[in-house]
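What follows is a single structure, written as structure tokens, with notes after it.
Just so you know, these numbers use all the heavy atoms, side chains as well, and skip hydrogens, waters and symmetry mates. Whatever order the structure lists ligands and atoms in, that order sets their numbers, starting from 1.
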Amino acid sequence: MLYLLDTANVEFIKKAYDLYQVDGVTTNPTIISKEKRPFKDVILDIRNIIGKDSMIHVQAVSTDAEKIVREGVYLKELVDGEVYVKVPVIPQGIKAIKILSSRGIAVTATAIFTPQQALMAAKAGADFVAPYVNRLDNISADGVKVVEQITGLFKTYNLKTKVLAASFKNVEQVHKVSLVGGHGVTVNDELFEKLIEHPLTDFSVDGFINDWEGQFGKGITTLEA
Ligand code: G3P
């Protein structure tokens, strides 16, 4: 199961890479625009923090295949290392995915709402597909079910494309995607921290420390006891 950060907030990315086993960062035009800094600076800062071997997914903003391909070639060169060009699954996007993948540029097909969109993108050569779980749940279309159907189709047809589920608003959605065999999730900063939080864990740790310090004294660790 891959865990990626769906954010361009460099402070959070630094913190998360320090604490957790993170597999990469995903961005989109909305996420980038929230940073209110030049695009290039944001992307290159992220690359510096995560290193060349960690994945970064960056979205092209054109809606015409030829221009998407030009952006893809540029982004591959600019970002360097493990980079995936995100392309929405509009018809011109599928054409661009075919061209980019034939040129050896890795692609993440995005803005996916149906299993057939995912299948078409996979056949066109996408490395990842990104179904939007919460946006599907918002229209009562069951985002997790869509993820399950996509992973099932990829297995049935022996496709190497991976499912990177996106658009989450709660831990339960992430958990259910992991239960149905989604290959990865990309999660925003606020929700990412919630994946590990539990009040009973904090309560238990406080209890251990209290009992230990009662016997051995404050600040004493197993090194000194
Ligand atoms: O990358 C796609 C994802 O960020 C969409 O998430 O929360 O805007 O639905 P959201």
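Of all atoms in ligand 1, listed by their number and element, those nearer than 4.0 Å to a heavy atom of Tyr132 are 1 (O), 2 (C). Each of the atoms 1 (O), 2 (C), 3 (C), 4 (O) of ligand 1 lies under 4.0 Å from some heavy atom of Asn28.
Closest to atom 7 (O) of ligand 1 among all protein heavy atoms lies Lys169 NZ, 2.8 Å. Of the protein's non-hydrogen atoms, the one nearest atom 4 (O) of ligand 1 is Asp6 OD2, 2.5 Å. Nearest protein neighbour of atom 8 (O) of ligand 1, counting heavy atoms only, is Arg135 NH2, 2.7 Å.
Using a 4.0 Å cut-off between heavy atoms, Phe168 makes no contact with ligand 1 at all. Residue contacts with ligand 1, taken as heavy atom pairs separated by less than 4.0 Å, involve Lys86 solely via side-chain atoms from C-beta onward.
Contact record, Met1 with Ser178: CE-CB, 3.6 Å, taken as the closest heavy-atom pair. The two residues Ala118 and Val129 have their closest heavy-atom pair at O-CG1, 3.8 Å.
Counting only residues at least two apart or in different chains, ring pair (Phe, Tyr, Trp, His ring centres under 6.0 Å) contacts with residues 7-51 comprise Tyr20-Phe192.
Looking at Lys86 and Asn28, their side chains come closer than 4.5 Å, going by heavy atoms from C-beta outward.
With Glu148 as reference, Val180 is the one residue of Leu153, Asp142, Val177, Val180 to meet the side-chain contact (heavy atoms from CB on, under 4.5 Å) rule.
In this view, Lys194 and Glu190 satisfy the salt bridge (Lys or Arg N to Asp or Glu O under 4.0 Å) rule, not counting sequence neighbours.
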